[in-house]
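So the structure is just underneath, and the comments pick up after that.
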Amino acid sequence: MIDTNFIKDNPKLVFDKLRLRNYNFNLDLFEATEANRKKYQTKTEDLQASRNVLSKEYGMLKKEGKDDPALNKKIESIKADLDKCSSELNDIQLTLKELLLDVPNLPDDSVPRGENEENNVKIREYGEPTILKGKDHLEITSMIDTDAANLLAGSRFAVLHGDIAKLQRALIAFMLDKASEHGYTEHYLPMVANTESLTSTGQLPKFSEDLFQLTEDYYLIPTAEVPLTNLYRDKIIDIDKFPLKLTAHTSCFRSEAGSYGKDTKGLIRQHQFEKVELVQICHPEKSFEALENLTSHAETILQELNLPYQVVELCTGDLGFSAAKTYDLEVWIPSQETYREISSCSNCTDFQARRAKIRFKEGGASKLAHTLNGSALAAGRALIAVIENNFDQKSTIHIPEALQEYTKFDFIEV
RNA sequence: GGAGAGUUGGCUGAGUGGUCGAAAGCGCCUCCCUGCUAAGGAGGUAUAUGGGUUUACUGUAUCGAGGGUUCGAAUCCCUCACUCUCCGCCA
């Protein structure tokens with residue numbers, strides 16, 4: 001959520017910034033509703049104040065055993081007005097909240113302007129992408145079994161057999177260990193989240209169709225960002241603890257509504273995939289520094305796996321809902337002769353913190369922290385990348401050295 | 001699944017109808033004392049939102065959530081959520 005006071009003080013700026021990310025902010029509606037809110041809030045509070053004063057007065061009389069029917073009548077009439085006023089206020093506040101929960105974060109000034117992903121800016125690249133188009137991961141090995149997954153669940157799921165299953169497990173363990181080395185505390189988390197958690201991080205109320213909903217209040221998490229960030233919901237954090245660095249491996253679940261026909265083959269786009277997530281919660285002045293830091297942590301993993309990748313800065317039009325600034329890490333996928341997103345590292349500034357009430361104290365005042373998150377990495381896609389980039393085009397997948405202590409083997413015969 | 005007990009400020013925890021935004025302790029901040037340290041003393045210290053000469057000061061709301069009773073609710077009633085204990089069952 002954006003700060004309402006900031007919107008009130010800088011309406012044009014807010015409108016323009018949101019425009020940059022293709023969001024049409026209904027400024028008139030906001031201002032009208034906000035003015036109305038203030039009017040009814042003031043009125044309600046005035047009525048409450050007089051009720052409180054008169055009630056006290058009346059109580060004193062009663063205590064002395066006296067009565068004052070006129071006073072009583074006056075209180076009654078104030079209460080009637082108050083009822084009307086406060087229920088009106090309630091409706092207005094609800095409308096206002098709905099309106100604000102729908103508004104995405106403001107892009108940071110440093111973010112390149114652009115309509116869509118075509119305007120994203122490549123920042124740097126690492127490694128040499130293979131030139132020859134290779135076999136894709138499904139062609140390489142039958143140990144990735146979509147038929148079996150189809151039998152068990154449906155499309156966009158996968159069964160991994162044997163050494164490929166081990167390889168994914170090795171990747172996850174490797175990534176978690178790397179995160180620990182970088183100072184992130186490992187967590188084991190529920191993979192179910194409630195409405196409040198998902199609202200705090202920005203998935204709800206707007207993107208419910210992207211989620212698997214279990215029951216009225218339970219959803220499968222689309223990313224560990226949700227539980228990790230929500231660990232500190234409604235908390236006032238001791239400033240000495242900054243930056244908080246958290247990590248977890250979880251399964252992630254996405255309905256992929258609206259992506260019919262996109263990446264239908266293979267492991268690229270799944271309803272369920274494994275991911276190691278990094279989250280940082282830090283002082284507002286440190287968050288952009290932290291973003292560079294967090295991104296580099298994710299990059300280290302690609303580097304140690306010897307995977308060619310590029311870092312792309314998302315333009316304003318391609319930013320996610322909660323993000324003020326985002327770097328995508330894209331890994332080379334030989335079979336597609338292209339780079340594909342394997343991590344997305346974002347500074348959400350105070351956007352999630354405001355929704356989640358994640359605060360700290362400084363100079364006697366309580367302030368909102370900044371939250372950041374990024375994948376390190378998406379294990380399913382990392383698995384594809386490792387397989388395709390290390391296949392000898394005959395029958396052998398070589399295991400990157402960094403993983404061998406985890407897999408306990410150094411090649412897979414397919 | 002059965003029975004019971006709970007949910008109060010950064011934390012622990014008192015508070016059964018007005019004098020309660022809430023005792024006390026811990027923590028934290030400021031100052032004093034002590035030639036370091038430890039100990040001691042005085043004061044301050046919830047959150048959100050509004051008014052204000054943006055200082056002083058001040059209104060309102062918030063004691064798990066929502067509703068109700070009442071002139072007045074942390075306190076009484078109802079519903080819901082969550083936590084804990086015991087029993088049963090079970091990975």
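All chains are named by letter (A, B, ...) in the order of the sequence lines, taking the proteins before the strands, and each is independently numbered beginning at 1. What you see is a predicted model, and the numbers here were worked out from it, not measured in a lab.
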inquiry  = I'd like to check Leu160(A) versus Ile144(A) (side-chain heavy atoms, cut-off strictly below 4.5 Å). Are they in contact?
reply    = yes

key: Whole-Å P distance, G72(B) and A46(B)   = 29 Å

key: Heavy-atom pair with the smallest gap, counting every atom of Leu377(A) and Ser343(A)   = CD2-CB, 3.9 Å

inquiry  = On RNA chain B, does the nearest nucleotide to Asn5(A) precede the nearest nucleotide to Asp46(A) from the 5' side, or the other way round? Give the residue.
reply    = Asn5(A)

query = Taking atom C1' in both A39(B) and A48(B), what distance in whole Å separates the two?
reply = 40 Å

ask   = Less than 4.5 Å apart, any side-chain heavy atom of Tyr232(A) and any of Leu244(A)?
value = yes

inquiry  = For a quick test of reading the model, state the closest non-hydrogen atom pair linking Lys361(A) to Ile236(A) and the distance between them.
reply    = CG-CG2, 3.9 Å

message = Can you check the distance between U7(B) and C33(B), where both ends of the measurement are the C1' atom (answer in whole Å)?
response = 43 Å

inquiry  = Wobble G-U and Watson-Crick pairs count when both distances are under 3.5 Å; given that, what is the 5' to 3' dot-bracket string of RNA chain B, with | for pairing to other strands?
reply    = ((((((((.[[[..)..(.....]]]((((((.......))))))((((((.....)))))).[[[[[..)....]]]]])))))))....

key: Rounded distance in Å - CG (Leu89(A)) to C1' (G59(B))   = 15 Å

query = Looking across every strand, which nucleic acid part, if any, lies under 4.0 Å from Lys357(A) by heavy atom: base, sugar-phosphate, or nothing?
reply = nothing

key: Interatomic distance, Lys43(A) NZ vs A61(B) C1' [rounded to whole Å]   = 19 Å

inquiry  = Between Lys325(A) and Glu313(A), does any NZ, NE, NH1 or NH2 come within less than 4.0 Å of an OD or OE carboxylate oxygen?
reply    = yes

With 3.5 Å as the limit, what N/O pairs link the protein to nucleotides 44-48 of chain B?
{"from": "A46(B)", "atom 1": "O3'", "to": "Lys361(A)", "atom 2": "NZ", "distance (Å)": "3.2"}
{"from": "U47(B)", "atom 1": "OP1", "to": "Lys361(A)", "atom 2": "NZ", "distance (Å)": "3.0"}
{"from": "U47(B)", "atom 1": "O3'", "to": "Arg359(A)", "atom 2": "NH1", "distance (Å)": "3.4"}
{"from": "A48(B)", "atom 1": "OP1", "to": "Ser366(A)", "atom 2": "OG", "distance (Å)": "3.0"}

Polar pairs (N or O, both sides) under 3.5 Å between protein and nucleotides 69-73 of chain B?
{"from": "C71(B)", "atom 1": "O2'", "to": "Ser55(A)", "atom 2": "OG", "distance (Å)": "2.6"}
{"from": "C71(B)", "atom 1": "O2", "to": "Ser55(A)", "atom 2": "O", "distance (Å)": "3.2"}
{"from": "G72(B)", "atom 1": "OP1", "to": "Lys79(A)", "atom 2": "NZ", "distance (Å)": "3.0"}
{"from": "G72(B)", "atom 1": "OP2", "to": "Lys79(A)", "atom 2": "NZ", "distance (Å)": "3.4"}

ask   = Hey, is Glu196(A) close enough to Arg233(A) for a salt bridge, meaning N to O under 4.0 Å?
value = yes

request  = Would you mind reading off the distance between Tyr232(A) atom OH and G10(B) atom P, rounded to a whole angstrom?
outcome  = 17 Å

request  = Return the set of residues passing side-chain contact (heavy atoms from CB on, under 4.5 Å) with Asn119(A) (not counting sequence neighbours), or none when no residue passes.
outcome  = Glu115(A), Asn116(A), Cys315(A)

query = Within the modelled atom types, does a donor on one side and an acceptor on the other bring the side chain of Glu45(A) and the base of G59(B) under 3.5 Å apart?
reply = yes

request  = Could you pull out all residues at least two apart from His271(A) that satisfy ring pair (Phe, Tyr, Trp, His ring centres under 6.0 Å)?
outcome  = Phe157(A), Phe212(A)

request  = Under 4.0 Å between any heavy atoms, over every strand shown, what does Asn52(A) touch: base, sugar-phosphate, or nothing? Just pick one.
outcome  = sugar-phosphate

ask   = Starting at CG of Asn90(A) and ending at C1' of A61(B), how long is that distance when rounded to a whole Å?
value = 12 Å

inquiry  = If the threshold is 4.0 Å, N to carboxylate O, is there a salt bridge linking Asp263(A) and Arg156(A)?
reply    = no

ask   = In whole angstroms, how far is the P atom of G51(B) from the NZ atom of Lys39(A)?
value = 16 Å

key: Contacts of type side-chain hydrogen bond (donor to acceptor under 3.5 Å, both in side chains), residue Thr215(A), not counting sequence neighbours   = none

key: Euclidean distance, atom NZ of residue Lys97(A) to atom P of U49(B) [Å, nearest integer]   = 13 Å

note = Closest to the 5' end of RNA chain B, once Lys8(A) and Gln48(A) are matched to their nearest nucleotides, is Lys8(A)

ask   = Do the non-hydrogen side-chain atoms of Asn24(A) and Arg19(A) ever get within less than 4.5 Å of each other?
value = yes

request  = To the nearest Å, give me how far apart CZ (Phe360(A)) and C1' (C28(B)) are.
outcome  = 16 Å

note = Minimal heavy-atom distance between Glu388(A) and Ser335(A), with the atoms involved, is OE1-OG, 2.8 Å

task = With the side chain of Lys38(A) defined as its heavy atoms from C-beta on, choose the nearest nucleotide among U49(B), C82(B), G51(B).
result = G51(B)

